[in-house]
Amino acid sequence: MTDLLLEWTIKIAVILGALLTAVAYSVLLERRIMGFIQLRRGPNRVGPFGLLQPAADGLKLIFKEDIIPSQASKLLYVIAPTLLLIPSLMIFIVIPFGSEIVLFGRKIALQVTHFDVGLLYVLALGSVSVYGIALAGWASNNKYSLMGGLRASAQMISYELALGLSVVGVLIQSGSLDLVEIVRSQGGWNGMHWNVFVSQPLGFLVFFIAALAEANRTPFDLPEADSELVAGYHTEYSSMKFVMFQMGEYCNLIAAAGVSTTLFWGGWMGPGVETYPALSLAYFTAKVFVFVFVFIWIRFTLPRFRYDQLMRFGWRVLLPLAILNIIITATVKLLVS
Amino acid sequence: MQSSITNYLPILLMFLAASGLASILILLPRLLARRRPTEAKLRPYECGVEPVGSARERQSVKFYLVAMIFLLFDIEAVFLIPWAVAFPHVLKDPAYTPLKYVFYGEMMVFMVVLLVGLVYIYRKGVIEWNR
């Protein structure tokens, strides 16, 4: 038991460290890519290629004045960013980063834990972040913030339906909610039997779009809408509380990339994983990186939706498509059996 | 690897670690940063103009309606997920072979009923934001 406890603690420490680094550098990556797409250089002065920029920004933000507006609800105002950040960090304990590797003569599975309801746990935590955003909007007592918070909550619950229904096809394929089992069920064809190739291209499309909306990324960034709501729900937040929102959002982004990879793109599966287990970690990281890159790329390619378009798209297109996907998958599965 | 009840313990560990991190992030600027609040600084931001009235005005009832419909359809998902997990096992098990069409058909009927509900919602214009 103490052995297990130690193993979990070490794994959690490693994951938190890796995740915070990944978050810091995906912000830098986004700014650099934004620069290149807009034909300028982006931040490149602090350290080689601007690699120390996140540290400089972090240091700057720690010393910024921490403002609590006089009309805000103080307790909720402080709690709101933690409600976004904590669940988005907690998602990562069930995501399988790789298969089992042998370290110090001990078999170590490359995920913190796995249990029967892994995917439900991910979906549940994904919806908790709505509270953080809605409360931030309410507690700030600012018109822009409240609008942003309300928009965000309506948008996120609308797209959460499509998100929840689009994974059902994967469940029909794998017969388990355990993310490790879902990855293992995609192991055929020399590690290329990925759900997106086999039967779930439609499911993946719906999931991907809904995940984009869940993470409040362009073209679904109406809650922030810099040009109309001046950053929406975090208009009033400064200093580290602003950083927490930013971190929570990027954690959600990486989580969306990780879950998409796990459910549809074979997770850590790939050719040669059976013989070289360490390769699985590289496959997973590469796939997540590609997803994060695509998320960033989309941000600077597509314009923002209008709110009525957003709602109509979610309810009239994505939701029926997700249901259609379930019907097709179940019918094919029944006929093949 | 067997999934057991102890496998859920890391949730608590991760929660503690994440809350610890969050509290540090909240406390750090309190200790390090200068605080010089002025009246104008603490006012709600409205592009530099004096704020007019309170932010907590009445909002469109549509947000409320969307939340209600979300609850209904999320319960649909709650029913679908265990069915989907059981479905491949039912198909594989020879003991269930005569029942597999029933197992499939029941869920299809359930989904048709929900689709009718969805069409009703469209007709009612709950999702039409520009009306």
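Order of the sequence lines fixes the chain letters, A, B, ..., with proteins taken first and strands second; residue numbering starts at 1 for each chain. FYI, side chains are in, hydrogens and waters are out, and symmetry mates aren't considered; it's all heavy atoms of this structure.
- Contacts of A:L20 with chain B are made by side-chain atoms alone, with heavy-atom separations under 4.5 Å and no backbone atom involved.
- Among A:S158, A:A330, A:S239, the residue making the largest number of heavy-atom pairs under 4.5 Å with chain B is A:A330.
- At a 4.5 Å heavy-atom cutoff, the contact between A:I62 and chain B is made by backbone and side-chain atoms alike.
- Contact annotation for B:F70: both backbone and side-chain heavy atoms come within less than 4.5 Å of a heavy atom of chain A.
- By the 30° and 60° cut-offs, the orientation of the rings of A:W315 relative to B:F73 is perpendicular.
- Interface residue B:L13: backbone and side-chain heavy atoms are both found under 4.5 Å from chain A.
- Under the ring-ring contact (aromatic ring centres under 6.0 Å, His included) criterion, B:Y96 pairs with no residue at all, not counting sequence neighbours.
- Under the side-chain contact (heavy atoms from CB on, under 4.5 Å) criterion, A:S176 pairs with A:D178, A:E181, not counting sequence neighbours.
- In this structure, no portion of A:V336 lies under 4.5 Å from any heavy atom of chain B.
- Aromatic ring pairs are classed by plane angle as parallel below 30°, tilted from 30° to 60° and perpendicular above 60°; the pair B:F79 and B:F110 is perpendicular.
- Ring pair A:Y237/A:F245 is perpendicular by interplanar angle, where above 60° counts as perpendicular and below 30° as parallel.
- Checking side-chain atoms of B:R35 against main-chain N and O of B:R30 turns up no donor-acceptor pair under 3.5 Å.
- A:Y121 places a side-chain N or O within 3.5 Å of a backbone atom of A:M90 that can act as its donor or acceptor partner.
- The contact between A:L319 and chain B is made entirely by side chain atoms (from C-beta outward), counting heavy-atom distances below 4.5 Å.
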Begin from the C-alpha positions of B:V90 and B:L99 and carry the test side chain to side chain contact (heavy atoms under 4.5 Å, CB included) through to its verdict.
CA-CA 9 Å; B:V90 168; B:L99 280 174; 5.9 Å; no
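- For the set A:I327, A:T331, A:I15, the entry with the most heavy-atom pairs within less than 4.5 Å of chain B is A:T331.
- Proximity of a side-chain donor or acceptor of A:S166 to a complementary backbone N or O of A:A322 within less than 3.5 Å is not detected.
- Heavy-atom pairs under 4.5 Å with chain B peak, among A:M240, A:K64, A:Q173, at A:M240.
- The part of A:L85 that comes within reach of chain B is its side chain, from C-beta onward, which places non-hydrogen atoms under 4.5 angstrom from that chain.
- When heavy atoms are compared at a cutoff of 4.5 Å, B:I11 approaches chain A by way of both its backbone and its side chain.
- The candidate with the highest count of non-hydrogen atom pairs below 4.5 Å against chain A, out of B:D74, B:T97, B:V85, is B:V85.
- Among B:I81, B:L71, B:L115, B:L80, the residue making the largest number of heavy-atom pairs under 4.5 Å with chain A is B:I81.
- Looking at B:L114, neither its backbone nor its side chain comes within 4.5 Å of chain A, counting heavy atoms on both sides.
- The contact between B:R34 and chain A is made entirely by backbone atoms, counting heavy-atom distances below 4.5 Å.
- Residue contact with chain B, scored on non-hydrogen atoms closer than 4.5 Å, involves the backbone and the side chain of A:V117 alike.
- With respect to chain B, the highest number of heavy-atom pairs below 4.5 Å among A:T82, A:I68, A:L161, A:L89 belongs to A:L161.
- If you measure heavy-atom distances from A:I86 to chain B, the contacts under 4.5 Å come from both the backbone and the side chain.
- Proximity to chain B involves both the backbone and the side chain of A:L150, based on heavy atoms less than 4.5 angstrom apart.
- The main-chain N or O of A:H114 is found under 3.5 Å from a side-chain atom of B:N7 such that the two form a donor-acceptor pair.
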